[in-house]
Amino acid sequence: MQLITVRNAPAILAVLLTSALSSATWAAPEIVEACKSCHAEDGAGVGKANVPIIAGMPAVHIEEALYAYKDGARQCLEEPVMCDTAKLLSDENIADLAEHYGALPRGSVDEQFDADLAAIGEKVHRKLCARCHLPPDDADVEDVLGPPLHGQRSEYLRYALEAYLSGTRENLLPEMEEKIGLLDEGDVAVLVNYYASY
Ligand code: HEC
Ligand code: HEC
């Protein structure tokens, strides 16, 4: 079903971005048009499981992700349109979008989780991941290296973790690569349950 969306999206985007790039400036609310079909205007997403929640993600992390897609360091394995869109964004567009989505409130996804698995996941998180991944409402969330994982959509986290583990998503940081290397397949489930329990 998503494939249909993906095939239609480039045409829509081409029109949208061509008209946008031809005008000198493009205000944040306008450029959000290029993101709405997947992330929705509120950044919570339109309900596609593989689309991460970007509302309330610190602007600095949104910018880093967009530049990583733009310069090809991060690939879009399931949704090429995401990367195609990022490649067309100007520095100004990226700053505007990061500010826009970063300022939006992050609602709870209210997902089901297994409390026993979550308790184990918390321990793994504290030991290996907490230094760089803080909850979205933590006062220091902007200063750590990684984006918030607590309250992120479970399906997306599972996909991202499995992609790191299998090597299809490149690890951009040696220290994270080392920590991810210490995980096994079972840890994915405990971590995903822990982040969903937030
Ligand atoms: C066709 C659907 C689609 C469109 C359009 C789209 N995205 Fe995405 N976005 C995704 C998917 C899927 C991912 C996860 C991709 C991956 O890394 O594999 C993603 C990832 C991201 C991330 C990384 C979040 C994280 O947790 O690391 C950011 C930031 C983002 N998108 C912002 C945007 C912005 C801003 C726009 C508009 C200019 C946009 N996206 C347009 C589907 C889309
Ligand atoms: C040294 C800091 C650091 C450590 C430690 C670290 N990470 Fe990360 N993590 C990052 C950075 C930076 C990114 C964003 C860059 C990227 O996509 O690779 C990231 C991205 C991620 C993502 C993708 C998030 C998204 O929204 O797309 C997941 C999932 C993740 N980390 C899980 C973990 C887990 C689980 C651990 C512990 C086993 C861990 N990380 C340890 C820095 C770290």
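Every number for a ligand or one of its atoms is a count from 1 in the order of the listing. For clarity, every value in this text was computed on a predicted model and none was experimentally measured.
Pairs passing the ring-ring contact (aromatic ring centres under 6.0 Å, His included) check and including a residue from residues 111-132, sequence neighbours excluded, read His125-His150, His125-Tyr194, His125-Tyr195.
The neighbour count for Glu162 CD, taken as heavy atoms of other residues, nucleotides or ligands under 6.0 Å away, is above 12. By the 6.0 Å contact criterion, NZ on Lys123 is open, its count of non-hydrogen atoms from other residues, nucleotides or ligands being 12 or less.
Looking at Leu161 against ligand 2, only its side chain comes within 4.0 Å, counting heavy atoms. Of the heavy atoms in His125, none comes closer than 4.0 Å to ligand 2. Residue contacts with ligand 2, taken as heavy atom pairs separated by less than 4.0 Å, do not involve Val144 at all. Neither the backbone nor the side chain of Val32 has any atom closer than 4.0 Å to an atom of ligand 1 (non-hydrogen atoms only). Contacts between His61 and ligand 2 below 4.0 angstrom, taking non-hydrogen atoms only, are absent altogether.
Residue-to-ligand polar distances keep Glu78 apart from ligand 1: every N/O pair is separated by 3.5 Å or more. Distances between N or O atoms of Tyr159 and those of ligand 1 include at least one value under 3.5 Å. In terms of polar-atom proximity, defined here as any N/O pair under 3.5 Å, Glu175 makes no such contact with ligand 2. At a 3.5 angstrom cut-off on N or O pairs, Arg74 counts as close to ligand 2.
Residues meeting the salt bridge (charged side-chain N to carboxylate O under 4.0 Å, His left out) test with Arg158, sequence neighbours left out: Glu155. Scanning for salt bridge (charged side-chain N to carboxylate O under 4.0 Å, His left out) contacts around Lys70 gives an empty result, with sequence neighbours left out.
Counting atoms of ligand 1 from 1 in the listed order, those under 4.0 Å from a heavy atom of Ile54 are 24 (C), 28 (C), 29 (C), 32 (C).
Among the atoms of His39, an N, O or S atom is found under 2.8 Å from atom 8 (Fe) of ligand 1. At least one N/O/S atom of Met82, whether from backbone or side chain, sits less than 2.8 Å from atom 8 (Fe) of ligand 1.
Around atom 8 (Fe) of ligand 2, protein atoms of type N, O or S found under 2.8 Å number 2.
For atom 15 (C) of ligand 2, the nearest protein heavy atom (residue, atom name, distance) is Leu172 CD1, 4.0 Å. Scanning all protein heavy atoms for the shortest distance to atom 18 (O) of ligand 2 gives Tyr164 OH, 3.1 Å. Among protein heavy atoms, atom 26 (O) of ligand 2 sits closest to Tyr156 CE2, 3.6 Å.
At a 4.0 Å cut-off, not a single heavy atom of Glu64 sits close enough to ligand 2 to count as contact.
Relative to atom 11 (C) of ligand 1, the option among Cys76, Ala68, Pro52 with the closest non-hydrogen atom is Pro52. The residue among Cys38, Ala65, Gly43 with a heavy atom at the shortest distance from atom 1 (C) of ligand 1 is Cys38.
In this structure a side-chain-to-backbone donor-acceptor pair under 3.5 Å is present from Asn93 to Ser90.
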